[in-house]
Amino acid sequence: MSNKQSDIGLIGLAVMGENLVLNMESKGFSVSVYNRTAAVTEKFADGRAKGKNIISTKTLEDFVGSLAHPRKAMIMVKAGAPVDAVIDQLVPLLEQGDIIIDGGNSLWTDTQRREKDLKKKGLRYVGAGVSGGEEGALNGPSIMPGGSEEAWKSVGPIFRKIAAIVEGEPCCRHMGPDGAGHYVKMIHNGIEYGDMQLICEAYAILKTAINPSAEEFHQIFAEWNKGELNSYLIDITEQIFTKQDEETGKPLVDLILDKAGQKGTGKWTVGNAVEHAVVLSTVNAAVEARILSSMKDKRVAASKILPTVEVKPFAGDRQQFINDVRDALYASKIVSYAQGLDLLATAGKFYNWNLNFGDIATIWRGGCIIRAAFLNRIKEAYEANPNLENLMLAPFFTEVFVKSQAGWRRAICAAVERGVAVPAFTASLGYYDSYRSACLPANLLQAQRDFFGAHTYERLDKPAGEFFHTNWTGQGGATASTTYTA
Ligand code: NBP
């Protein structure tokens, strides 16, 4: 072991860890590494780390001993119990003021708990969401760190240097205290679920109605990528349609089993939205679509029993239809972001995180999976009005709905007529139509509640706060209507 002290250390040399280490080293930082299975460390040392400013260690004692003070130890292992296991082993080796960073996809409440526990021991804790996968980790991810301002001062300069850069600005800013960074990362992942499902639904509508070839799909997505939908996910979708299976010569996408996997951040996001009574219908539809997709055997069996619809041959203007689907995708995407940001705002207030939406949109513009041109518009919307009630109400986005809503509705009608499931499109439009409605049928709902449960109701023609109960059946001898004041 050399006596040299590294700027930072990283524990966990799987896909993300290895690439983050190489990224840090390439930006001029010296890095120590440790992995539970020593053979992995050895392979890295003899392979990609060879000749680089990277110190490989075989024990956590050597790892900690190789770090410059205050020590910065970044954990990049599987989320959950493994993170606690590593922390438990690290803590006895560290000193007051040292910093532990968890860069995995940890649940934000775990991060809050860990930060609180470690603070009592004089250690600083940073829960940092890292997005961008393998390629982002190597060349510049989007990083969402949470934790104390003091800890941020120590790790910020390293993180901002390794993050993706968009228009000269690193895609890394301090998100807020304790679990704020991991919470923002979770919302990022939820939005990612929504974006991916919306793209898949656009594909499904087009396929059923006008059946483009893989080459045509490639061209459609390439065209969309030049406009307002310009994004990483549209870009990779465009590329997917160009890949041919070597064995059969067919488009590979047509040979892939339609069963989607998921790791859990989507479900966490939806569960938390329910807890905070925030509507997250697009992401919810996306999570449920993955669940339904995984039930392949049941779907195949049901497809032989449940009646289908007779599909009419497409008779309209093909290009107009493609444009309608594009408009539906863009409008639904805006709704999904509006919902995700609403949840961020609600949770931010609940936890006193003081989240800055301009900052969040800024660091999502590059490095991460949801990076997209339209995040610039979101950034501008929050810069113009930091207290924006709902993204849909920002003048730029309201104008998008003016232009796109006819096509949005036509595309959904076309899907429904053909029996194509578009749960994320319909959930988005349902939210839009509910949110913009001054009147909803909840008058009838309140009447039902009062009928069976005497839950009372307010009236349109009386002051708010005055509650009424009606004897709906006239039985039981009670008066027809009773007034209660809150
Ligand atoms: P994995 O999530 O596959 O975890 C593998 C690493 O965890 C290995 O280094 C393994 O060591 C280590 N590990 C495990 Br498993 N249990 C351990 C324990 N009890 N003690 C110590 N080490 C343990 O790695 P990854 O895909 O690189 O992801 C790392 C984190 O980053 C995760 O939280 C993930 O959700 C998040 N993330 C991943 C991506 C991605 O694209 N993969 C993107 C963004 C964020 P071993 O070699 O000894 O088994």
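In listed order, ligands and their atoms are each counted from 1.
- Asn105 and Thr265 share no side-chain donor-acceptor pair at under 3.5 Å.
- For an aromatic pair to be called close, the ring centres must be under 6.0 Å apart, and Phe221 with Tyr203 fails this.
- Note on ring orientation: taking the six-membered ring where Trp is involved, the planes of Tyr34 and Phe63 are tilted (angle from 30° to 60°).
- Trp408 and Ser332 share a donor-acceptor pair across their side chains, judged by distance under 3.5 Å alone.
- Of the inter-residue distances, the one linking Glu215 atom CD with Ile220 atom CD1 reads 10.5 Å to the nearest 0.5 angstrom.
- Between Gln244 and Leu252 the shortest side-chain heavy-atom distance does not fall below 4.5 Å.
- Contacts of ligand 1 (protein heavy-atom distance under 4.0 Å) are Gly12, Leu13, Ala14, Val15, Met16, Asn35, Arg36, Thr37, Val40, Met76, Val77, Lys78, Ala79, Pro82, Val86, Gly104, Asn105, Val130, Gly133.
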